[in-house]
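In this chain, numbering begins with 1 at the start of the sequence shown. Computation of the quantities below employed the complete heavy-atom set of this structure, encompassing side-chain atoms and omitting hydrogens, waters and symmetry-equivalent molecules. In this text the structure is predicted, and so the values were computed from the model without any measurement.
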Amino acid sequence: MAKVYADHPFQLLTTPTYQLRNDEEADEFIEAATHMACAHNVMIRSLNAIYIQAPHIGPEQQQSFLQFAEVWYQGVEHHHRIEDEIFFPVLEEMTGEKGIMQVNVEQHDAFHPGLEAFADYMRRCLAGEARYDGKELVRLIDGFAPVFCQHLADEIPTFVALKKWGETLKGFHTRLAVEAQKTNQELGILAGAVFLMVTHDVDYEDGIHKDFPPIPAPITWGLRNLAWWAHRDWWAFAPCDRYGKMRPLDIPLSKV
């Protein structure tokens, strides 16, 4: 039977850079949208891993698996909070157009209740206040994932379309990146930073995103070879190994 990878059931996004013709060069709008797509694919790939493995988790694995899911939730919550509180206001300021990203904000609001229901159940299981049930976790994901994944897909062409503002938004991608870096420590080195290492597929789209996220090579080395070990039991459920290579999920193939 074929090995199972975290490339389904929720569809990964094709990045704008990958869609360029050979004679086209990426401008900062394409680059910004591509970085956003890579971040969104981290969320989707990880959600796939959680969704597929949830029904097969044994009692001795539950705490580690739920910790992996908790880090996923924290990353998603952080990402969308930074968009609402920093990214979108910056774009409003630079363009002078109030509500320029309002559709995206409304999409955040649409999937938020289901996402929080998932987080609440997961945390009650971690605290021993609820019995872990993989089928219930899958049911809760089904409650928000369609709207959530549609939002992740819709946001990419929204960023590409910012090109219409031309010089008005010159340097916006750099500014957003600087603002994002100010909040990165909120997720922690041993959790959030390593999570990126084991959920971004370095070979995706012929390996053109192997340097995502854009951090210095010595730090990447430290995350993969040192920090990874602190919570290696969590990363056993990640879609990639510590080098960012997709790997088969550890589930009984006879039950897939």
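Remark: Leu169 CG to Leu91 CG distance equals 6.5 Å, nearest 0.5 Å. The CD atom of Glu136 lies 4.0 Å from the CZ atom of Arg139; values are rounded to the nearest 0.5 Å. Note that CG of Leu66 is 14.5 Å distant from OH of Tyr73, once rounded to the nearest 0.5 Å. Asp250 contributes atom CG, which lies 8.5 Å from atom CD1 of Ile57 (distance to the nearest 0.5 angstrom). How far CD of Gln11 is from CD of Gln150: 10.0 Å, rounded to the nearest 0.5 Å. Rounding to the nearest 0.5 angstrom, the gap separating the CG atom in Leu223 from the CZ atom in Arg242 is 12.0 Å.
A distance-only check finds no donor-acceptor pair linking the side chain of Asn41 to the backbone of Leu12 [under 3.5 Å]. Panel note: side chain Gln53, backbone Phe237; a donor-acceptor pair is recorded below 3.5 Å. Distance alone, capped at 3.5 Å, places no donor-acceptor pair between the Glu205 side chain and the Tyr18 backbone. For the pair His200 (side chain) and His209 (backbone), a donor-acceptor distance under 3.5 Å is present. Distance alone, capped at 3.5 Å, is enough to place a donor-acceptor pair between the Asp27 side chain and the Ile30 backbone. Under the 3.5 Å distance criterion, the side-chain polar atoms of Glu70 are left unmatched by any main-chain donor or acceptor of Arg123.
The two residues Arg45 and Asp201 make their nearest non-hydrogen contact at NH1-N, 3.5 Å. Pairing each heavy atom of Thr34 with each of Pro16, the nearest pair is OG1-CD, 3.5 Å. When all heavy atoms are compared, the tightest approach of His231 to Leu190 is CD2-O, 3.2 Å. Residues Ala110 and Val147 approach most closely at CB-CG1, 3.9 Å, considering heavy atoms. Summarising the geometry of Leu249 relative to Ala238, their closest heavy-atom pair is CD2-O, 4.2 Å, with the distance given to 0.1 Å. For the pair Phe195 and Ser46, the tightest heavy-atom approach, listed with the atom from each and the gap, is CZ-OG, 3.3 Å.
The hydrophobic clustering, which links ILVMFWY residues whose side-chain heavy atoms are closer than 4.5 Å, places Val105 and Met36 together. Connection of Ile44 to Ile208 is not established within any shared hydrophobic cluster, with ILVMFWY side chains joined at heavy-atom distances below 4.5 Å, either directly or through further cluster members. When hydrophobic clusters are built by joining Ile, Leu, Val, Met, Phe, Trp and Tyr residues whose side-chain heavy atoms come closer than 4.5 Å, directly or via intermediates, Val4 is not grouped with Ile50. Under the 4.5 Å side-chain heavy-atom criterion for ILVMFWY residues, no single connected hydrophobic cluster contains both Leu226 and Ile219. Hydrophobic clustering of Ile, Leu, Val, Met, Phe, Trp and Tyr side chains at less than 4.5 Å, counting indirect connections, keeps Ile52 apart from Leu137.
If you check the side chains of Gln107 and Asp154, you find a donor sitting under 3.5 Å from an acceptor.
Side-chain contact between Met94 and Lys170: absent, with no pair of heavy atoms (C-beta onward) separated by less than 4.5 Å. Put simply, the side chain of Phe65 does not reach to within 4.5 Å of the side chain of Gln62, judged on heavy atoms. A 4.5 Å side-chain heavy-atom check between Thr158 and Val103 finds every atom pair outside the cut-off. Taking the side chain as every heavy atom from C-beta outward, Glu116 and Phe144 never approach each other to under 4.5 Å. Within the 4.5 Å cutoff, no side-chain heavy atoms of Val198 are placed close to those of Trp234. The shortest distance between side-chain heavy atoms of Phe159 and Leu176 falls below 4.5 Å. Side chains of Phe88 and Ile100 form no contact here, defined as non-hydrogen atoms less than 4.5 Å apart. Between Leu115 and Phe148, every side-chain heavy-atom pair lies at or beyond the 4.5 Å cut-off.
Applying the 6.0 Å contact sphere to CD of Glu60 captures more than 12 heavy atoms from other residues, nucleotides or ligands. By the 6.0 Å contact criterion, CD1 on Ile189 is open, its count of non-hydrogen atoms from other residues, nucleotides or ligands being 12 or less. Heavy atoms of other residues, nucleotides or ligands lying less than 6.0 angstrom from CZ of Arg232 number 12 at most. When the shell of 6.0 Å around CD of Gln102 is examined, it contains more than 12 heavy atoms from other residues, nucleotides or ligands.
Using cut-offs of 30° and 60° for the angle between ring planes, the Phe68 and Trp235 rings count as perpendicular.
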Test Glu83 against Met101 for side chain to side chain contact (heavy atoms under 4.5 Å, CB included), laying out the working first. CA-CA 10 Å; Glu83 285 185 335; Met101 305 296 283; over 6 Å; no
Intermediate values then yes/no, side chain to side chain contact (heavy atoms under 4.5 Å, CB included), Thr220 and Tyr243: CA-CA 9 Å; Thr220 298; Tyr243 301 108; over 6 Å; no
Report the C-alpha distance between Asn48 and Asp7 in whole Å, list the side-chain angles of each, state the deciding distance to 0.1 Å, and finish with yes or no for side chain to side chain contact (heavy atoms under 4.5 Å, CB included). CA-CA 7 Å; Asn48 283 336; Asp7 54 4; 5.5 Å; no
List the steps, then state whether side chain to side chain contact (heavy atoms under 4.5 Å, CB included) holds for Phe172 with Trp165. CA-CA 11 Å; Phe172 88 99; Trp165 293 94; over 6 Å; no
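Residues His151 and His80 bring their aromatic ring centres within 6.0 Å. For Trp72 and Phe118, the gap between ring centers is short of 6.0 Å.
Residue Tyr5 belongs to a hydrophobic cluster whose other members are Met246, with links defined by side-chain heavy atoms closer than 4.5 Å.
For the ring pair (Phe, Tyr, Trp, His ring centres under 6.0 Å) with His35, the lone residue among His79, His173, His40 that qualifies is His173.
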